[in-house]
Each structure stands twice: as structure tokens, then as C-alpha cells.
Protein chains: 2
Amino acid sequence: MSPTLEQVAALAGVSRATVSRVVNGSPKVLPDTVAAVERAIVELGYVPNRAARALVTRRTDSVALVVPEPDSRVFSDPFFAGILRGVSAALAPTSSQLVLLIEPSAGDDQRLLRYLRGGHVDGAIIVSHHGRDNVLQELAQLPLPIVFSARPLGVEVPVASVDVDNVAGARTAVEYLLSKGRRKLGTVAGPVDMTAGIDRLTGYQLVMAEEGLPEAVAYGDFTADGGEQAALKLFDEHPDLDGLFVANDLMATAALRVISQLGRRVPQDVAVVGFDDSVVATTTTPKLTTVRQPVVQLGTRLAEILLAKINGADLTGPEIFSTELIIRGSA
Amino acid sequence: MSPTLEQVAALAGVSRATVSRVVNGSPKVLPDTVAAVERAIVELGYVPNRAARALVTRRTDSVALVVPEPDSRVFSDPFFAGILRGVSAALAPTSSQLVLLIEPSAGDDQRLLRYLRGGHVDGAIIVSHHGRDNVLQELAQLPLPIVFSARPLGVEVPVASVDVDNVAGARTAVEYLLSKGRRKLGTVAGPVDMTAGIDRLTGYQLVMAEEGLPEAVAYGDFTADGGEQAALKLFDEHPDLDGLFVANDLMATAALRVISQLGRRVPQDVAVVGFDDSVVATTTTPKLTTVRQPVVQLGTRLAEILLAKINGADLTGPEIFSTELIIRGSA
DNA sequence: TTGTACGCGTTATCAC
DNA sequence: GTGATAACGCGTACAA
């Protein structure tokens with residue numbers, strides 16, 4: 001069994017209370033006493049009992065990363081991986097641990113909400129891309145510090161969130177295509193129940209409207225297969241496209257294949273720009289020109305905001321990061 | 001503040017002890033009493049306090065997923081994503097939560113070990129691909145239920161582990177190339193400090209030896225860049241290769257590009273087989289023929305074994321899963 | 001500055 | 001079958 005405060009106190013020749021003060025860095029302990037206690041701590045290999053501490057402080061020193069979608073796609077998503085890295089990096093110097101909460105099956109919302117309400121964690125980061133989930137609204141109203149990655153669709157109450165400027169990112173992509181002299185621009189958009197899908201389409205539409213150019217849109221679901229269907233449909237309806245903005249890299253790889261099967265060359269005949277700058281962006285021929293989002297940074301900020309809220313800060317509203325166009329071979 | 005056992009007991013007109021029995025499903029409670037208590041629980045929205053419970057039971061109802069490598073690559077690795085899905089699926093019906101432990105920077109081993117020794121979790125799953133880490137040995141000897149994903153290199157004590165049969169998987173790939181009439185086979189191997197790197201190379205070497213064929217090996221580091229270097233070196237030294245086994249998909253995508261830049265066609269001139277069946281396998285042209293490993297299943301089994309060990313089972317030794325060849329366009 | 005004593009919410013061991 | 005009651009390890013008023 002691991003040693004307790006009591007044993008450390010006995011060895012150091014002081015009381016439990018004093019040891020506790022040393023452990024928690026109280027300023028009013030004599031240097032000599034501190035030294036003695038610390039020696040005892042090292043000698044015994046003392047580690048505070050988290051449960052006992054949590055019981056009295058009502059802090060668990062752990063935060064949750066919630067993925068309220070049974071949709072397994074989230075994991076293979078490089079976005080999620082980046083968020084994870086950022087969050088864990090920000091938490092590292094802290095005493096807080098990261099608890100992963102994944103909704104195993106659709107409709108198991110209550111279990112999740114109960115857990116969060118049960119005081120098992122000090123706060124939660126919600127990583128959800130799909131809107132319309134009525135869970136989001138409930139999550140937002142929990143009496144618990146919460147931060148959303150991406151502004152949650154359909155949630156009316158003010159919440160703290162961190163996101164990338166998808167509209168601006170899409171604009172950059174489309175404007176880049178224009179700068180290359182392309183005028184017949186189409187887009188493979190994402191699902192309209194995700195902010196990323198909506199906003200990136202909006203960015204495209206805004207530029208097209210400003211330029212007085214006609215739109216050409218097909219919808220995919222952010223998967224390779226969906227992207228393929230959408231690209232086929234798009235080129236079927238608009239065979240003369242000379243530029244294409246695809247709402248994410250995975251669909252863009254499919255578009256590349258479709259274009260080549262149609263006997264057209266990238267980027268000579270059709271220039272293609274993706275979004276994400278994920279691993280797949282460099283596995284294609286030619287490599288993808290794409291819009292990079294600072295995912296790790298997003299995760300870091302998410303954790304920082306949450307920790308601040310846990311410590312009483314009153315932060316609400318979105319915090320927006322900008323994107324960067326990464327130019328490779330496809331456009 | 002959330003309600004306590006005491007309050008539930010008061011409302012139900014019974015004692016704390018009885019409520020506790022109901023909550024924990026003790027068989028010896030009168031049905032009527034159970035009903036009354038359950039009603040009170042629902043009415044109050046009672047949720048057991050984890051800290052208080054952990055304090056007395058000495059069980060935390062949480063297990064750790066440990067990534068003892070500051071190497072950020074792990075996250076973008078589809079392998080990790082699959083493991084995560086499997087583990088969390090297996091944990092879902094349980095009361096156990098998943099705590100993610102990531103070593104923020106090299107050499108911070110002590111912090112990790114202290115945490116694990118501190119009784120904050122009931123057990124741990126170690127996801128480590130690199131060997132040579134002296135942490136692994138220490139982890140293996142912790143007085144805590146532990147399971148390794150992949151047999152830990154350099155660890156002498158017997159441990160529980162779950163892995164895929166990398167040697168057999170590589171054999172399948174190479175034998176498939178042979179069955180296609182290819183005889184000049186090369187391989188882009190992974191790093192020799194990872195079991196996956198070593199074993200996949202071994203599989204290739206075994207088949208070549210059996211067939212009395214000469215080896216052609218170049219080493220990469222499982223990244224696209226590393227794969228490119230290795231492929232260039234390999235074709236420089238062996239320009240006449242007609243078949244290539246690459247130890248992972250990411251490097252295989254780079255090999256595809258190199259081969260095409262060399263003016264040779266895939267699969268007509270050079271047939272290529274990868275390993276992993278990750279997302280990138282379908283983003284290339286042609287799509288990759290590759291060896292799929294059941295990552296989700298691996299994760300599930302990892303969690304199952306850990307839970308069994310926590311409950312007292314004495315499981316040690318490796319558990320091996322088999323792979324499957326997925327035939328696409330590259331071979 | 002340090003020690004004493006109580007309470008945090010549960011589970012477990014007794015009696016009844 | 002059910003109810004007292006003693007731990008579990010720690011933080012913190014309060015007293016000294």
C-alpha cells in the first residue's frame with residue numbers, strides 16, 4: 001500500500017496538517033520543517049491520494065474530452081488527432097488529467113450527461129462537428145465549465161468556443177484559384193449539418209457572388225467515397241470547370257482521381273485546392289494545394305480556456321483562428 | 001451540490017447502508033425496498049460520488065491509455081485511432097473511464113511512473129511502438145495490471161500483450177507478389193527499433209530465403225519523406241525490381257510517386273504492396289494493395305485483457321491476431 | 001508557525 | 001433484510 005500523510009508526518013516528526021501544508025505549498029511553514037518533510041516524502045515515495053483529496057476539495061483535477069458522436073470517423077480524422085495533441089500539451093504542466101468520453105452508441109446521451117453532472121470532472125471540452133444534435137444544447141447548459149471546438153450548431157445560449165475561420169479559409173482558396181486565371185470554379189462542399197461544411201461553402205459563394213461568377217456546387221460527406229460521387233456529379237453537370245475547391249482533403253483526393261479518369265490533367269486543365277492539410281495531402285500525385293488549419297494550437301487554446309473557466313474566469317463567445325494556404329502541385 | 005446517499009436514504013425512509021446496497025445491486029434487499037430507493041434516486045437525480053467510493057474501495061474505475069512517446073506521430077497514426085476506438089468500445093459497457101496519459105517530453109518518465117504507481121488508475125494499456133525505451137521495462141514491473149500493444153522490445157519479464165502477426169502479414173504480401181510472377185522483389189523496411197519494423201522485414205527475408213531469391217532492402221522511418229528516400233535508394237541500387245513490399249502505407253504512397261517519377265508504371269512494371277490499410281491506401285492512383293490489421297479488434301482485446309487482469313486473472317504472454325491482404329490496384 | 005479535530009460520501013463489518 | 005458505525009486519506013477552521 002502506498003504511504004499516507006500520516007506516515008510521512010510520523011517520519012518527519014510533525015503533524016499531518018504540516019505535511020499537508022508542505023505538499024500544497026503553503027507559504028507559512030518554516031524552511032527547516034519543509035526540508036524535513038520533503039526528505040520524508042522522498043524517502044517514503046509519498047504520492048497524494050487523489051480520491052481523498054477530491055473528496056474534500058471537490059476538485060477532481062481531471063477534465064473530459066467529449067466526443068458525442070458514435071460516428072467512428074472522428075478518430076481517423078487528423079483534426080481530432082491534432083486537437084488531442086494540443087490539449088494534452090496544454091494539460092501536461094498542470095496537475096489535470098485528460099479523461100476521454102466517447103459516446104459508444106447513438107442515443108446514449110443520458111449516460112454522458114449524468115457522468116458530466118456527477119462531478120467526476122472539473123470541466124469538459126466538446127469536440128463535435130455535427131450540429132442538430134440536441135445533446136449539444138443540453139451540454140451547453142450543464143452547470144460545469146465547458147468549451148466547444150467549433151461553434152455548436154443550433155445552440156442558442158452563449159458558449160465558449162474555439163474555431164478556425166472556415167469562411168475566410170475557403171475565400172483564400174477560391175481567390176487563389178482566381179489569381180491563377182481560373183474562372184469556371186466549382187466546389188465539392190461538405191455536409192450542411194456541420195459548421196465546417198456550411199462555412200466553407202459560404203466562403204466559396206461569397207467570392208463567386210463578388211466576382212459575378214456562376215456557382216457550381218455538389219455535396220459530399222467528407223469521405224473519399226462521398227467525394228467521388230460528388231465530383232462525378234459536378235463534372236457531369238459542369239464539364240468545363242477549370243478550378244475546383246474541395247471542402248476537405250480526403251474528398252479532394254477522390255476528386256483528383258475522378259478528374260484524371262475523365263482524361264483531364266491537374267493542375268493544367270483543372271486546378272484543385274483542398275482543406276485541412278492532413279496526411280493525405282502529400283500522398284497524392286500531384287500533391288495537394290490546401291488550406292491548413294492550426295489544429296494543435298486549437299487544442300491548446302481549448303484547454304487553456306477550459307482551465308481558466310475552471311478557475312473562475314467568465315469566458316464566453318467564439319475565439320477564431322486563421323488559416324494558411326499551403327501551395328503544392330495541384331493548383 | 002449533488003445529492004448524497006444520506007439524502008436518498010432520508011427520502012426513501014431507509015438507512016444509508018440500504019441505499020448503498022441497492023446502488024451496488026446487492027441481492028439481499030426486499031423488492032419493495034429496492035423500488036422505494038430507486039424512486040428516491042430518480043427523484044433526486046442521485047449519482048454516486050466517485051471520489052468517496054474510490055477512497056474506500058481502492059478502485060478508481062478508470063484505466064489509463066499510456067503513450068510513452070513524445071513523438072507526436074503516434075496521434076496521426078491510424079493505428080492509434082483504431083486502438084482508441086476498440087478500447088473505448090470495450091470500456092463503454094463498463095463503469096471504467098479512459099484516462100489518456102501522454103508523455104509530454106522525452107525524459108519525463110518519472111512523472112508517468114509516479115502517477116501510475118500512485119493508484120490513480122486500476123490498470124494501464126501501453127501503446128508503444130518504439131523499443132529501447134528503458135521506460136518499458138519499468139512499466140512492465142509496475143505493481144499494477146498492465147497490457148502492452150505490441151510485444152515490448154527489450155523487456156525481459158513476461159508481460160501480457162496483444163499484437164498482430166507482422167511476420168505472417170509480410171509473408172502474405174511477398175508471397176502474393178511471387179504468385180503474380182514477380183521475382184525481383186525489394187522491400188522498404190521500417191525502423192529496426194520497432195517490432196513492426198523488425199517483424200515485417202523478417203517476413204520478407206524468410207520468403208526470399210525459402211525461394212532462394214536475393215534480398216533488396218532499404219530502410220525508412222514510416223514517414224512519407226523517409227519512404228521517398230528509401231525508395232530512391234532502393235531503385236538506385238536495384239533498377240530492375242519488378243515487385244516491392246513496403247512496410248507501411250504512408251511510405252508506400254511515397255514509393256508509388258518515386259516509381260512513377262522513374263518512368264515506370266504500377267502495377268505493370270512494378271507491383272507494390274503496403275501494410276496497414278490506412279486511409280491513405282485509397283487516396284493514391286492506383287489504390288494500394290495492402291495488408292490490413294484488425295486495429296479496432298486489437299484495441300478491444302487489449303481492454304478486455306486489462307479488465308480481466310484487474311479482476312484478478314493472471315494473463316501473461318502475447319496474444320496474436322492475423323492480418324488480411326486487401327487487393328486493390330497497385331499489385 | 002504548528003497541532004487538534006472534524007467532515008467530505010462511500011463501503012464494509014458488525015449486530016439486530 | 002436492515003441499521004448503526006467505523007474506516008478510507010486528506011484539507012482546513014480553529015485553537016494553541
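So that the names make sense, note that chain A is the first sequence line, chain B the second, and so on, each numbered from 1.
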Nearest-Å distance for atom pair CZ/C1', residues Arg16(A) and dG9(D): 8 Å
From dG3(D), dG9(D), dG11(D), nucleotide with atom closest to Ala52(A) side chain: dG9(D)
Sugar-phosphate only, base, or nothing, as touched by Thr4(B) at under 4.0 Å among non-hydrogen atoms: sugar-phosphate
5' precedence on DNA chain D between Arg21(A) and Val14(B) (nearest-nucleotide basis): Val14(B)
Among Leu5(B), Val23(B), Leu11(B), Val47(B), side-chain contact (heavy atoms from CB on, under 4.5 Å) partner for Ile41(B): Val23(B)
Sugar-phosphate only, base, or nothing, as touched by Val29(B) at under 4.0 Å among non-hydrogen atoms: sugar-phosphate
Asp61(A) CG to dC10(D) P, straight-line distance once rounded to whole Å: 14 Å
Any donor-acceptor N or O pair under 3.5 Å, side chains Thr60(B), Asp122(B): yes
Heavy-atom side-chain proximity of Leu142(B) to Leu113(B) below 4.5 angstrom: yes
Out of dG3(C), dG9(C), dG3(D), whichever nucleotide has its closest atom nearest the side chain of Val56(B): dG9(C)
Listed nucleotide nearest any side-chain atom of Thr57(B), set dT11(C), dC8(C), dT4(C): dT11(C)
Nucleotide dC10(D), atom C1' - distance to CD of Gln7(A) in whole Å: 14 Å
Whole-Å distance separating the CZ atom of Arg58(A) from the C1' atom of dG9(C): 8 Å
Side-chain N,O (Ser15(A)) to OP1/OP2 (dT2(C)) below 4.0 Å: no
Selection from dT4(C), dT2(D), dG7(C) that lies nearest to any side-chain heavy atom of Thr33(B): dT2(D)
Test side-chain contact (heavy atoms from CB on, under 4.5 Å) applied to Phe148(A) and Leu136(A), Ile125(A), Asp163(A), Val162(A), the passing residue: Leu136(A)
Selected nucleotide, minimal atom distance to Asn49(B) side chain, candidates dT4(C), dG3(D), dG9(C): dG9(C)
Base dG9(D) paired with Arg50(A) side chain (donor-acceptor, <3.5 Å): no
Closest-nucleotide 5' rank along DNA chain C - winner of Leu30(A) and Leu55(B): Leu30(A)
Ser20(A) side-chain N/O to dG11(D) phosphate OP1/OP2 under 4.0 Å: yes
side-chain contact (heavy atoms from CB on, under 4.5 Å), paired with Val8(A), selected from Val42(A), Leu44(A), Thr18(A): Leu44(A)
Sugar-phosphate only, base, or nothing, as touched by Leu5(B) at under 4.0 Å among non-hydrogen atoms: base
Whole-Å distance separating the CZ atom of Arg53(A) from the C1' atom of dC8(D): 16 Å
Quiz item: Arg59(A) side-chain donor-acceptor pair to dG11(D) base, under 3.5 Å: no
